Amino acid sequence: MWDLEISKIIVNGFFEKFNDALDVDVAIVGGGPSALTASYFLTKNGFKVVIFEEKNDPGGGTWGGGMLFNELVVEEELEWMLKEFGMNYKRLNGFISIDSVHFASSLLYNTTKVGTKIFNNVIVEDILMEENRLCGVVINWAPVIKQRLHVDPITVKAKYVVDGTGHPASVVQMIIDRNLEVELPLDKIREFPMNAKEGENFVLKNTKEVFPGLFVMGMAAVSVGGGPRMGPIFGGMLKSGEKVANAIVEKLSVEVSK
Ligand code: 48H
């Protein structure tokens with residue numbers, strides 16, 4: 001019977017993936033552009049990476065371009081990365097213009113093609129800790145949280161966790177809520193008014209490990225560092241993802257060779 005076969009294929013396929021994702025090198029929270037870039041470079045380097053995205057459709061703030069005009073901007077110096085992703089684009093006065101749907105789907109295609117596992121509709125609701133270091137995340141189905149169902153979560157072990165949750169910097173916020181010491185230059189997580197050039201520099205500079213085992217990247221790095229937002233220019237997100245990937249590759253490679 002076809003119907004039974006289809007159900008078995010889905011259930012078995014899902015649990016095979018999910019079982020393999022319970023113990024990973026890197027768990028990324030949020031599936032925005034910085035996450036898709038970081039995961040691509042990490043997975044390509046041979047590390048096991050999982051992304052948890054609370055929404056049905058990963059891609060974060062990329063799909064709608066600027067004000068729903070579905071076109072976005074990247075700095076010209078990032079042409080090499082767009083080529084690596086096989087994207088179509090136009091060069092215009094030092095900038096690059098890309099169709100935002102093409103941009104989002106190319107990032108998603110490339111990272112899943114190299115082997116990153118993305119679990120959509122899964123929310124990271126808490127952090128897993130051991131000896132004052134983050135060692136994983138606590139996950140649940142997003143609809144469970146949204147419908148306020150009283151259902152306990154499960155855990156995923158990771159050598160490194162990356163906060164790619166965008167503006168709210170949700171993972172760093174969890175650390176603050178638990179009264180743990182985190183490197184926070186301001187009194188609380190907040191970002192400043194728009195300035196594209198400054199924001200783009202700020203995001204890269206503030207992409208770093210802010211708590212043992214936890215890196216912050218993308219818009220979350222701006223909120224945690226207290227810097228200006230940059231609007232619909234996405235080069236900083238790509239660079240931030242690449243920076244996190246390089247930093248974690250270096251750390252994990254040292255650990256492997258010990
Ligand atoms: C699971 C979660 C959780 C959670 C949130 O905002 P994003 O697109 O992330 P970035 O930082 O890669 O890109 C930012 C960019 O899109 C942007 O907003 C820019 C450039 N803004 C400039 C400006 O001036 O406004 O994606 C974050 C993703 C989202 O898809 C969330 O649903 C998801 O993270 N998420 N997923 N568990 N606890 N919290």
Side-chain angles (χ1 to χ4, degrees), residues 21 27-40 50-68 70 72-75 78 98 100-101 103-104 107-108 111 118-128 136-146 153-156 158 161-175 177 189-204 206-207 214-225 227-245:
I28 301 183
V29 188
S34 61
L36 300 175
T37 309
S39 58
Y40 170 80
V50 64
I51 294 179
F52 296 110
E53 166 55 55
E54 68 174 295
K55 297 203 176 105
N56 194 25
D57 41 358
T62 52
W63 295 100
M67 205 186 136
L68 292 184
N70 67 353
L72 53 79
V73 173
V74 168
E75 293 84 341
L78 273 166
I98 314 177
S100 65
V101 175
F103 181 79
L107 289 177
L108 282 161
T111 195
I118 303 182
F119 291 95
N120 51 343
N121 298 306
V122 174
I123 191 165
V124 169
E125 64 159 76
D126 208 343
I127 43 178
L128 184 67
V137 291
V138 179
I139 58 167
N140 215 326
W141 291 114
V144 164
I145 300 300
K146 282 172 189 158
I154 61 170
T155 53
V156 168
V161 175
V162 188
D163 187 339
T165 60
H167 297 270
S170 316
V171 184
V172 175
Q173 189 60 56
M174 288 169 203
I175 299 212
D177 292 345
I189 288 177
R190 64 187 155 114
E191 55 192 58
F192 283 77
M194 184 112 84
N195 182 317
K197 197 169 186 179
E198 280 180 22
E200 286 289 85
N201 291 331
F202 192 90
V203 61
L204 193 60
N206 285 273
T207 296
L214 175 68
F215 279 82
V216 66
M217 69 178 170
M219 223 35 227
V222 176
S223 306
V224 171
R229 60 188 299 195
M230 71 294 290
I233 180 159
F234 282 76
M237 301 301 126
L238 303 185
K239 285 190 208 165
S240 175
E242 190 212 5
K243 183 176 173 183
V244 159

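Note that this is a predicted model, so its numbers are computed, not measured. Positions are given from 1, in the same order as the sequence printed here. When a ligand or atom number is given, it counts from 1 through the structure's own listing order.
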Treating Asn195 as the side-chain partner and Pro228 as the backbone partner, does any N or O pair qualify as donor plus acceptor under 3.5 Å? no

Provide the closest heavy-atom pair for Met237 versus Met219 in the form atom of the first, atom of the second, distance. SD-N, 3.6 Å

Heavy-atom nearest neighbour in the protein, as seen from atom 37 (N) of ligand 1, with distance rounded to 0.1 Å: Val124 N, 3.0 Å

Are there over 12 heavy-atom neighbours, none belonging to Ile154, within less than 6.0 Å of that residue's CD1? yes

Report yes if Gly61 has an N/O atom closer than 3.5 Å to an N/O atom of ligand 1; otherwise report no. yes

Quick one: pull up OG1 in Thr62 and CG in Asn70 and give me the separation to the nearest 0.5 Å. 11.0 Å

Does Glu125 have a non-hydrogen atom less than 4.0 Å from ligand 1? no

Glu200 and Gly235 have their tightest heavy-atom pair at OE2-N, 3.4 Å

Select one of side chain, backbone, both or neither to describe which atoms of Ser170 lie under 4.0 Å from any atom of ligand 1, heavy atoms only. side chain

What protein heavy atom sits nearest atom 11 (O) of ligand 1, and how far off is it? Met219 N, 2.8 Å

Could you find the nearest protein heavy atom to atom 27 (C) of ligand 1 and give me its residue, atom name and distance? Gly164 O, 3.4 Å

Show the nearest heavy-atom pair for residues Val156 and Leu128, with the distance to one decimal. O-CD2, 3.9 Å

Would you please determine whether Ile139 falls within less than 4.0 Å of ligand 1 on a heavy-atom basis? no

Counting each atom of ligand 1 from 1 as listed, which ones have a heavy atom of Val122 under 4.0 Å away? 1 (C)

Lys146 bridged to Glu54 by N-O distance under 4.0 Å: yes

Nearest-neighbour protein heavy atom for atom 33 (C) of ligand 1, which is reported as residue plus atom name and distance: Glu53 OE1, 3.3 Å

Would you say Phe234 and ligand 1 have an N/O pair spaced under 3.5 Å apart? no

Here the gap from Ile28 atom CD1 to Thr111 atom OG1, rounded to the nearest 0.5 Å, amounts to 7.5 Å

Among non-hydrogen protein atoms, atom 36 (N) of ligand 1 lies closest to Glu54 N, 3.1 Å

Any atoms of ligand 1 less than 4.0 Å from a non-hydrogen atom of Gly31? List them with their elements. 28 (C), 34 (O)

Based purely on interatomic distance, does Gly231 place a nitrogen or oxygen under 3.5 Å from a nitrogen or oxygen of ligand 1? yes

Determine yes or no for a side-chain-to-main-chain donor-acceptor pair under 3.5 angstrom, with Thr165 supplying the side chain and Ser170 the backbone. yes

Short list, please: which atoms of ligand 1 are under 4.0 Å from a heavy atom of Gly218? 11 (O)

Among all protein non-hydrogen atoms, which one is nearest to atom 12 (O) of ligand 1, and what is the separation to 0.1 Å? Ser34 OG, 2.7 Å

If you have a sec, work out which protein heavy atom is nearest atom 34 (O) of ligand 1 and how many Å separate them, to one decimal? Gly30 CA, 3.1 Å

Distance col, row Ile127:CD1 vs Ile175:CD1, nearest 0.5 angstrom, shows 4.5 Å

CZ of Phe103 to CG of Leu108, rounded to nearest 0.5 Å, is 10.5 Å

Which atoms of ligand 1 have any heavy atom of Gly60 under 4.0 Å away? 8 (O), 26 (O), 30 (O)

Which residue and atom name correspond to the protein heavy atom nearest atom 6 (O) of ligand 1, and how close is it? Gly166 CA, 3.5 Å

Are any of the N/O atoms in Thr62 less than 3.5 Å from those in ligand 1? no

Value rounded to 0.5 Å, distance of CD in Glu242 from CG in Leu78: 8.0 Å

Proximity of Val29 to ligand 1 by residue part, where a heavy atom lies under 4.0 Å: side chain

